[in-house]
2 protein chains.
Amino acid sequence: MAGKVSPLAPTSYPEMPEIEGVRIATAEAGIRYKGRTDLLFVGFDEGTTVAGVFTRSRCASAPVEWNRARLGKGQARALVVNSGNANAFTGMKGRSSTTATARAAADAARCTPDEVFLASTGVIGEPLDPAPFERHLTQLSGSAGPGRFMDAARAIMTTDTYPKVATRTIEVEGGSVTLNGIAKGAGMIAPDMATMLSFVFTDASVPQETLQACLVEAVRGSFNSITIDSDTSTSDTLMAFATGTSERRGVAAIPASGPVFNAFQEALADICLELAHQVVRDGEGATKFVEVKVTGAVSDESARRIARSIADSPLVKTAVAGQDANWGRVVMAVGKAGEPAERDQLAIFFGEHRVAVDGERDPAYSEEAVSAYMKNSDLLIAVDLGMGSGAAVLWTCDLTDEYVAINADYRS
Amino acid sequence: MAGKVSPLAPTSYPEMPEIEGVRIATAEAGIRYKGRTDLLFVGFDEGTTVAGVFTRSRCASAPVEWNRARLGKGQARALVVNSGNANAFTGMKGRSSTTATARAAADAARCTPDEVFLASTGVIGEPLDPAPFERHLTQLSGSAGPGRFMDAARAIMTTDTYPKVATRTIEVEGGSVTLNGIAKGAGMIAPDMATMLSFVFTDASVPQETLQACLVEAVRGSFNSITIDSDTSTSDTLMAFATGTSERRGVAAIPASGPVFNAFQEALADICLELAHQVVRDGEGATKFVEVKVTGAVSDESARRIARSIADSPLVKTAVAGQDANWGRVVMAVGKAGEPAERDQLAIFFGEHRVAVDGERDPAYSEEAVSAYMKNSDLLIAVDLGMGSGAAVLWTCDLTDEYVAINADYRS
């Protein structure tokens, strides 16, 4: 964990309500880190449905493969997450660690291994010893209790400088349902997820297919629209667990469509977006939170590729770090994307300040006004291509010497 | 220009021979830089053929468009290059600057504007005042003389810390021909060229189509196989000029095929590779020169995409900067590329040290031996996918805090 908290961290945290059917415990298992919690156990009531979205990396980690294989059954009784070791690229040993961990959790939670879901984050390539898990899981399962979502968010941190949580409560037929989300992620972050783990828990009753559909929709405009350093990890995981305990209070299950479905979908998407933004704000070395907005492209997909080109450009990101409204580099990044673009139809904005139009610097350009704008910690870079109606929004952060310092020293 | 010379700079420079038919002069025109040369004039004898390869950026600069439009004629009498201002994204004004510069050069060199080729490198988006060109070009043309290739290489530098030159002389029927190359480039460098200007001059007699074919072949495995920061510039230019003056000495023109053609092709490719490597070695903030080699892919193109994913990864590059043989990040970069890859068939090498095989760390892995290897300034990262015979090689450098420091301060 980095020494100081990101300058972009939130200034306050929400009260995280309890979610009936979700029980949490954390431990210092000493898997890699000393003097902090690194093991999270979450137990779920019977009947909890589960959905998940994972990295598209062609070299996914063992826990990711484990989860994918069990998602079809759609039932979860336990989630075990460890930080410090990603159990990725660990070959046969990695798979047997995964199996051993799941068995230990199943024993402790009194369920089957197929109802256990796993996630690991941290160093890649180091074998993961299952012994700490075996040592702690029974006790964790026994002592797991309601609430404790901040504890959970802390136990899964790696180079994060602050825990990431979000909560929403919505009114539906029969009463309210609550969704709580936690996330971690600070480096190795790019769309198609990132090392980025995020878990959302709700007391709503949601059939597995509905939950999966909501999650897939929610991830698109949130976690799949952020990039810190363009490096897509081996271990990205976003999962949702719905305990259904709200049914005991008379709240009907979430249907597959209609206004109640929409309200639930929106709450889930909101939580994912809030967490995704928090992940960006904790980007390693970040000092600026940047929204990259592209409009007027020939298609949404084209706009997205252009936005990504801008958001991933080291030259754009270092300029932002230097508080320099260097739109020339934005032009470069637009051109680099290989998408249809007419240089002389581009318009480029920093915030509301249009700095370039019709192929050259804006006649009304004020260096003073734009420089003042660039001192903000939250910035907007907008490009209009003037060629169609395709649009996209991504979020990223700047590239600073601290990112380099952190990552030239990581594997110690 | 950065204060100190790259630690990867060559320790000696070749003697650059004269090329008959090529006359060089440089000046301090004060376009942006003070106290150093920033304007290069090269005059060519009548009959000089020209070939060129340019950026694929969709937002190419005005000089690039000018050159492309005149390449078809295939004849060159003058080349004018300025550093400090790229005359890119300067709209109508940019085009008229280009025209005015070409006219001034044509007047000075006593040729037509269509025989004048241009290049500009430096800041994007600032209008380029043609006045300094008009002021200096007549005098430059008049004083241009043989040799002076090092002077030329110096005049075109921007954030380069050393001038880049290369030379080859080959024996062909009737005598020898010489090729001299100069290049610049340190930031905003990625395949599909970079801001990267390179010019090769030869006294060989080469028909335009043959020269163009040779150049296209030469760029593939050289300038299009390097990346410093993945940012493809608006201004990349590689041009070759063949004066044909060797015919006066009894050397026949280079034919379109056969052993003489092959020798010429090879010499041109060698020069381009040597210059491309020098550009990488002067990458902003670079301390390591890295060859990324991928073998065993399903195709050469697939291997190339994977190599690029590794070579462009901020996490791989910062690990290299930290002298850390962090193969886990190499796995991540392979997975990120989206190309066919079987995690359990990967083998990863740093130099000759195989660090991972069959999906996990190599049993023979020696932290000591590999750490010692990583202290070298020239490194090899090799990945074998074990899936086919596709192969590719790219070159890159590490990502350091100095890159950030340079680029967070560039537009001053």
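A note on names: the letters A, B, ... follow the listed sequences, proteins ahead of strands, and every chain is numbered from 1. This is a predicted model, so every value here is computed, not measured.
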Problem set entry | chain A contacts, top residue of Gly94(B), Ala337(B), Pro340(B) (heavy-atom pairs, under 4.5 Å) | Pro340(B)
Please state whether the side chain, the backbone, both or neither of [X] comes within less than 4.5 Å of a heavy atom of chain A.
X         : value
Pro127(B) : side chain
Glu65(B)  : side chain
Glu342(B) : neither

pair [X]-[Y]: side-chain heavy atoms closer than 4.5 Å:
X         : Y         : result
Val404(B) : Lys317(A) : no
Asp401(A) : Glu402(B) : no
Arg95(A)  : Asp344(B) : yes

Seminar exercise, completed: Ranked by heavy-atom pairs below 4.5 Å to chain B, first place among Leu346(A), Asp398(A), Val320(A) goes to Leu346(A)
Exercise. Nearest 0.5 Å, what's the OH-CG distance between Tyr403(B) and Leu399(A)?
Worked result: 7.5 Å
Exercise. Between Gln323(A) and chain B, which part of the residue has a heavy atom less than 4.5 Å away: side chain, backbone, both or neither?
Worked result: neither
